[in-house]
Structure formats: C-alpha cells, structure tokens
Amino acid sequence: MPPTPHAPHTPKIQEALEARDALAAALSQAGIQLPAMDIRTPWADDRKADAQYALVHLGVCSAPIAHLLADVITRGVAR
C-alpha cells in the first residue's frame, strides 16, 4: 500500500515501493501471488514523511502458497 496522498515519498519509501513491485513481478512470473504486499515504516502513518527506512511487508499466505515459495527458492538455489 503506498503512503497516503499527503505524505511525500522519501527515497527510502520509494526504494521499498520499487522492491515490493519487483518482488511481486518476480513472484508472478513464478506463478505465485501473495494476497497482501505493502510497505511499512517504523512509525505511525502520520510520520511517514520522516522515514529513515521502510520495510517490504509480505503479509500472510496459505500453506499451498508457502510450499510454492519454498519450491521456487529451492529450485533457484539448486542452479
């Protein structure tokens, strides 16, 4: 979820947004879609403009999706 419209994108928030989108695209190519991916800062939403870093939050997934993720990672490591 992008920051609220009144909060500017700091470089760290923009970096996290781009990382989230890149990961979502890679997962999509592998046939995997996580139900909820967003970014989080260490503070409440009203302080996002002050963010020194932001985290990509992968949300939750079902057991079958977790197995698909494990399979994709294992295949990648085996290369």
Side-chain angles (χ1 to χ4, degrees):
M1 169 185 292
T4 56
H6 65 278
H9 289 195
T10 67
K12 292 299 181 180
I13 290 176
Q14 188 61 40
E15 177 185 33
L17 286 167
E18 291 169 3
R20 178 204 60 195
D21 293 346
L23 180 57
L27 289 170
S28 179
Q29 288 180 346
I32 298 169
Q33 180 178 353
L34 295 178
M37 291 179 66
D38 63 6
I39 62 162
R40 305 240 173 123
T41 60
W43 304 287
D45 287 343
D46 61 325
R47 292 191 57 202
K48 282 187 177 180
D50 299 332
Q52 297 299 310
Y53 67 94
L55 304 172
V56 177
H57 180 73
L58 302 179
V60 298
C61 65
S62 65
I65 296 297
H67 282 292
L68 286 172
L69 283 168
D71 290 345
V72 167
I73 292 168
T74 300
R75 284 194 309 266
V77 170
R79 286 187 189 176

With [X], which residues qualify under side chain to side chain contact (heavy atoms under 4.5 Å, CB included), at least two apart?
{"X": "Leu68", "result": "Ile32, Ile65"}
{"X": "Glu15", "result": "Lys12"}
{"X": "His67", "result": "none"}

*Any chance you could measure Thr41, atom OG1, to His57, atom NE2, to the nearest 0.5 Å?*
12.5 Å

*Considering non-hydrogen atoms only, spot the tightest contact between Cys61 and Ala66 and give its length.*
SG-N, 3.9 Å

*asked:* On a heavy-atom basis, which atom in Ala16 and which in Val56 lie closest, and how many Å separate them?
replied: O-CG2, 3.6 Å

Quick one: side chains of residues 72-79, donor-acceptor pairs under 3.5 Å with protein atoms, not counting sequence neighbours, listed by atom name and distance.
unit_1 : atom_1 : unit_2 : atom_2 : d
Thr74  : OG1    : Ala70  : O      : 2.8

_Connected hydrophobic set around Val60, excluding itself, where side chains approach under 4.5 Å_ = none

*asked:* Less than 4.5 Å apart, side chain to side chain, heavy atoms only: is that true for Leu58 and Leu23?
replied: yes

